[in-house]
Amino acid sequence: MNEAPGRRQFLRMLATSPALAAGGWAALLNGIAQGEDLITAADQAVNVLEFEDVARKNLPPWHYGYLATGVTDDSTLKANRDAFARYQLRTRRLVDVKKVDMSVTLFGTTWDSPIMLSPVGSQRAFHPEGEIPVARAAAAQKHNLIVSTHSSTPIEAVNEALGHPAWFQLYPTDDWNVTKAVVKRAEKAGCPVMVLTVDSQNGALRDTLFKLRRAAPVKCTDCHIGGFVYNAVASRRPMFEGLDLAKVTTQLPLDMTWDVLPRLKELTTMKLVIKGIVTREDALLALEHGADGIIVSNHGGRSEDSKRASIDCLPEVIAAVNGKVPVLVDGGFRRGTDFFKALAMGARAVCIGRPYLWGLAAFGQAGVETVLTLLRKELQIDMRQAGTASIAQITKDFLIEG
Ligand SMILES: Cc1cc2nc3c(=O)[nH]c(=O)nc-3n(C[C@H](O)[C@H](O)[C@H](O)COP(=O)(O)O)c2cc1C
């Protein structure tokens with residue numbers, strides 16, 4: 001039973017009752033502070049953070065754990081958010097900001113907004129239709145979408161819902177025949193860009209997920225047939241359908257090195273973007289080995305325990321790349337000013353993970369659409385407040401580290 005609307009009405013009644021005025025306000029504020037004032041429709045949301053509580057309420061704790069987890073004590077996850085406070089905006093006045101152009105061009109395609117959707121696996125954990133409502137929302141709101149190797153929906157069906165081919169994210173596995181088949185399938189589906197994730201070798205210590213999973217009243221293996229051994233995981237993913245997974249043991253081979261980039265480039269005409277770079281040294285190696293783009297990312301704080309925020313890694317990567325290829329970033333972006341800060345540092349686009357999943361788990365397609373709309377609106381407001389009418393005008397002069 002959903003208690004939230006009734007409780008909220010009750011709190012509001014208390015708040016407007018003249019006799020109870022003082023106590024009523026206190027009860028209302030207390031209710032909000034306790035997270036009891038949950039929104040009941042996407043269009044009630046004031047900001048994207050409000051979707052998280054609804055997602056937590058809607059999902060079984062172990063699926064919420066998959067969404068929310070970081071690694072060990074979640075400190076890299078926390079760092080991704082906390083770091084934004086160290087950067088402030090230097091806002092300018094009396095600039096004509098009547099028209100704000102948020103468009104960006106990447107690999108020959110122009111997008112209305114620099115806000116893109118990071119690849120996320122297994123979205124059926126959050127909604128019965130998985131990636132389909134996300135693709136429809138991305139299409140309706142005109143945002144770029146990156147689809148995971150581990151999607152619960154075949155890439156072809158996602159592309160159909162999107163209306164054009166998405167970017168495809170690759171986990172190559174340790175069997176090159178499987179890698180080849182997966183890459184060829186994404187290419188055949190028309191995907192123009194392949195994103196190779198390199199920050200997530202097996203073995204992430206996802207304590208938050210593991211604790212919530214332990215609390216599950218049913219065995220996870222009742223649904224996840226074969227358990228969490230990698231080839232059993234892969235066998236449940238449509239991207240591996242029909243492939244012989246007997247030799248597959250991991251999503252990213254532990255002995256994978258930089259020569260995988262030229263090998264992949266030989267296989268495909270798709271542009272190759274490398275996701276998970278956090279240092280200048282690796283940015284230079286990525287360029288040397290033929291990367292067409294870089295995503296600065298620590299996997300949303302859910303792979304490494306570096307305790308270093310994505311936004312803090314961005315400047316050194318941008319400096320090393322020196323404009324040769326586009327640099328994107330993700331990790332902890334929740335407010336318009338977060339996007340503004342990354343763009344001011346020189347990011348060409350910024351991706352989000354959890355916020356659109358909160359929207360999906362809370363209200364399906366409408367939730368994802370509202371998350372995207374709110375983030376665009378916030379960025380537009382922040383651009384106007386700063387006196388910037390286009391993405392190109394957002395430069396490092398608008399940023400100060402304090
Ligand atoms: C539930 C979940 C599943 C993810 N699955 C993948 C994946 O399959 N491939 C990948 O490259 N990144 C994956 N990521 C990482 C995201 O692409 C992205 O880097 C991260 O979510 C960005 O941080 P944010 O969630 O704070 O916005 C996943 C993230 C989450 C939250």
Side-chain angles (χ1 to χ4, degrees), residues 35 38-39 41-59 63-70 74 76-84 102 111-123 125-127 130-131 133-148 169 208 275 295-302 309-311 328-343 347 349-382:
L38 295 187
I39 54 169
D43 61 7
Q44 292 171 1
V46 172
N47 60 53
V48 304
L49 301 168
E50 290 205 286
F51 289 92
E52 183 174 12
D53 288 336
V54 186
R56 188 189 292 116
K57 176 177 75 72
N58 284 359
L59 293 174
H63 283 185
Y64 177 72
Y66 168 57
L67 193 169
T69 196
D74 289 349
T76 309
L77 173 77
K78 190 164 176 295
N80 274 352
R81 282 299 302 138
D82 292 349
F84 287 109
M102 292 200 282
W111 302 95
D112 285 0
S113 155
I115 301 170
M116 307 191 163
L117 285 76
S118 293
V120 165
S122 312
Q123 292 180 26
F126 312 124
H127 189 280
E131 289 76 5
V134 170
R136 291 195 181 124
Q141 298 295 323
K142 303 195 180 106
H143 288 254
N144 190 24
L145 171 66
I146 311 174
V147 178
S148 167
Q169 177 267 327
T208 297
K275 174 173 182 273
I295 304 183
V296 172
S297 174
N298 56 27
H299 218 95
R302 51 197 283 122
S310 259
I311 190 79
L328 291 75
V329 62
D330 74 14
F333 289 82
R334 310 287 183 260
R335 306 297 313 226
T337 51
D338 304 339
F339 297 95
F340 189 97
K341 288 169 188 177
L343 294 165
V350 182
C351 307
I352 52 162
R354 293 180 186 85
Y356 80 82
L357 304 175
W358 299 334
L360 176 68
F363 303 109
Q365 181 180 341
V368 182
E369 284 203 43
T370 308
V371 162
L372 296 171
T373 306
L374 282 169
L375 291 176
R376 266 196 333 270
K377 187 175 126 198
E378 288 192 17
L379 177 58
Q380 189 191 55
I381 288 171
D382 294 325

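This structure is a prediction, so every number in the text was calculated from the model and none was measured.
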Please test Phe51 against Leu374 for side chain to side chain contact (heavy atoms under 4.5 Å, CB included), starting from the C-alpha separation and ending with a verdict. CA-CA 12 Å; Phe51 289 92; Leu374 282 169; 4.1 Å; yes
Nearest heavy-atom neighbours spanning [X] and [Y]:
X: Ala55; Y: Ala362; result: N-CB, 4.3 Å
X: Leu372; Y: Ala137; result: CD1-O, 4.1 Å
X: Leu379; Y: Pro114; result: CD2-CG, 3.8 Å
X: Ile39; Y: Ala45; result: CD1-CB, 3.8 Å
X: Val371; Y: Gly359; result: CG2-CA, 4.0 Å
X: Ala342; Y: Val350; result: CB-CG2, 3.8 Å

Kindly indicate whether the side chain of [X], heavy atoms from C-beta on, has any atom under 4.5 Å from the side chain of [Y].
X: Pro119; Y: Lys275; answer: yes
X: Val329; Y: Ser310; answer: yes
X: Val296; Y: Leu328; answer: no
X: Asp382; Y: Phe339; answer: no
X: Ile146; Y: Val120; answer: no

How long is the span from the [atom1] atom in [X] to the [atom2] atom in [Y], to the nearest 0.5 Å?
X: Leu67; Y: Gln123; atom1: CG; atom2: CD; value: 9.5 Å
X: Asp112; Y: Gln141; atom1: CG; atom2: CD; value: 10.0 Å
X: Asn298; Y: Ile311; atom1: CG; atom2: CD1; value: 11.5 Å
X: Asn47; Y: Arg334; atom1: CG; atom2: CZ; value: 11.5 Å
X: Leu357; Y: Tyr64; atom1: CG; atom2: OH; value: 11.0 Å
X: Met116; Y: Cys351; atom1: CE; atom2: SG; value: 7.0 Å

Of all residues at least two apart in sequence or in a different chain, which pass the side-chain contact (heavy atoms from CB on, under 4.5 Å) check with Ile381?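 If we apply the side-chain contact (heavy atoms from CB on, under 4.5 Å) test to Ile381, skipping adjacent residues, the hits are Lys377, Gln385.
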With Leu77 via side-chain contact (heavy atoms from CB on, under 4.5 Å) - residues at least two apart: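 Leu77 satisfies side-chain contact (heavy atoms from CB on, under 4.5 Å) with Asp74, Arg354 only.
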State whether the side chain of His127 and the backbone N or O of Gly364 hold a donor-acceptor pair below 3.5 Å, judged by distance alone.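 No; zero donor-acceptor contacts below 3.5 Å.
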For [X], enumerate each residue passing the side-chain hydrogen bond (donor to acceptor under 3.5 Å, both in side chains) test, keeping only those at least two apart in sequence or located in another chain.
X: Thr337; answer: none
X: Arg335; answer: Glu378
X: Ser122; answer: Arg237

Within the 6.0 Å centroid threshold, strictly below: Phe126 and Tyr66: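 Yes: the rings meet the under 6.0 Å criterion.
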Among side-chain atoms of Ser118 and Asp330, is any donor-acceptor pair under 3.5 angstrom?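 Present: a donor and an acceptor within the cut-off.
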Between Glu369 and Tyr356: side-chain donor-acceptor atoms closer than 3.5 Å: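 Side chains of Glu369 and Tyr356: no pair found under 3.5 Å.
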Side chain to side chain contact (heavy atoms under 4.5 Å, CB included), that's the test. Do Arg376 and Thr373 meet it? Break it down for me. CA-CA 5 Å; Arg376 266 196 333 270; Thr373 306; 3.9 Å; yes
Salt bridge (charged side-chain N to carboxylate O under 4.0 Å, His left out): which pairs involve residues 136-147, sequence neighbours left out?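 Only Glu129-Arg136 qualify under salt bridge (charged side-chain N to carboxylate O under 4.0 Å, His left out).
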Determine, step by step, whether Phe84 and Phe333 satisfy the ring-ring contact (aromatic ring centres under 6.0 Å, His included) criterion, reporting the C-alpha distance in whole Å, the side-chain angles of both residues, the deciding distance to 0.1 Å, and the verdict. CA-CA 9 Å; Phe84 287 109; Phe333 289 82; 4.9 Å; yes
Quick one, Leu117 with Leu145, criterion side chain to side chain contact (heavy atoms under 4.5 Å, CB included). Give me CA distance, side-chain angles, the key distance, then yes/no. CA-CA 5 Å; Leu117 285 76; Leu145 171 66; 3.8 Å; yes
Take Asp338 and Lys341, measure what salt bridge (Lys or Arg N to Asp or Glu O under 4.0 Å) needs, and give me the verdict at the end. CA-CA 5 Å; Asp338 304 339; Lys341 288 169 188 177; 5.0 Å; no
Any chance you could lay out the side chain to side chain contact (heavy atoms under 4.5 Å, CB included) test for Thr370 and Asp43, step after step, and finish with the verdict? CA-CA 7 Å; Thr370 308; Asp43 61 7; 5.5 Å; no
